[in-house]
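A quick write-up on the structure given underneath.
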Amino acid sequence: MALATDIRTSDTGLSQVLATVREALARRKVYRQTLSELRSLSERELNDLGMHRSMLTRIALEAAYGK
């Protein structure tokens, strides 16, 4: 019985690690895509949105990670 419990605990831990990795990869994808789209905007479009090029990294980080 103890062995079965240990195996289940181990499996749950692995599942949790995989879920964490998947979430991190998804957030990284959101960050890269957001940054790419913002960088493709012209100066005029950024001005219309009230943004400056120096703000793009921070905005992408906030979109992906909430920081």
Side-chain angles (χ1 to χ4, degrees):
M1 269 316 205
L3 181 60
T5 303
D6 291 341
I7 292 172
R8 271 189 240 131
T9 302
S10 175
D11 183 43
T12 303
L14 180 59
S15 296
Q16 193 172 22
V17 168
L18 291 175
T20 302
V21 169
R22 265 190 236 112
E23 181 181 346
L25 290 173
R27 287 179 184 267
R28 180 69 180 171
K29 182 178 179 181
V30 168
Y31 169 76
R32 285 192 330 259
Q33 184 175 0
T34 303
L35 190 57
S36 175
E37 290 177 11
L38 289 172
R39 284 180 173 166
S40 72
L41 297 175
S42 69
E43 290 298 324
R44 182 176 181 164
E45 291 168 325
L46 288 172
N47 286 336
D48 286 346
L49 294 170
M51 298 178 192
H52 187 268
R53 262 198 210 279
S54 65
M55 302 167 64
L56 300 185
T57 302
R58 183 176 53 86
I59 292 168
L61 282 170
E62 287 177 12
Y65 301 102
K67 294 181 180 180

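Throughout, residue positions are numbered sequentially from 1 according to the sequence presented.
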request  = Give, for atom OH of Tyr31 and atom CD1 of Ile59, the distance between the pair rounded to the nearest 0.5 Å.
outcome  = 11.5 Å

query = Looking at residues at least two apart in the chain, or sitting in another chain, which of them share a side-chain contact (heavy atoms from CB on, under 4.5 Å) with Leu41?
reply = Leu38, Glu45, Leu46, Leu49

ask   = Listed by chain and number, what are the side-chain contact (heavy atoms from CB on, under 4.5 Å) partners of Ser40, not counting sequence neighbours?
value = none

Where at least one partner belongs to residues 29-39, residue pairs that pass salt bridge (charged side-chain N to carboxylate O under 4.0 Å, His left out), sequence neighbours excluded = none

message = Using 0.5 Å steps for rounding, measure from the NE2 atom of His52 to the CZ atom of Arg58.
response = 12.5 Å

inquiry  = Let me check something: do Val30 and Leu56 share a hydrophobic cluster, defined by ILVMFWY side-chain heavy atoms less than 4.5 Å apart, either directly or through other members?
reply    = no

Check residues 19-28 and write down every donor-acceptor pair under 3.5 Å in which the side-chain atom is one partner and the other belongs to a residue at least two apart or another chain.
residue: Thr20; atom: OG1; partner: Gln16; partner atom: O; Å: 2.9
residue: Glu23; atom: OE2; partner: Arg27; partner atom: NE; Å: 3.1
residue: Glu23; atom: OE2; partner: Arg27; partner atom: NH2; Å: 3.1
residue: Arg27; atom: NH1; partner: Ala64; partner atom: O; Å: 2.9

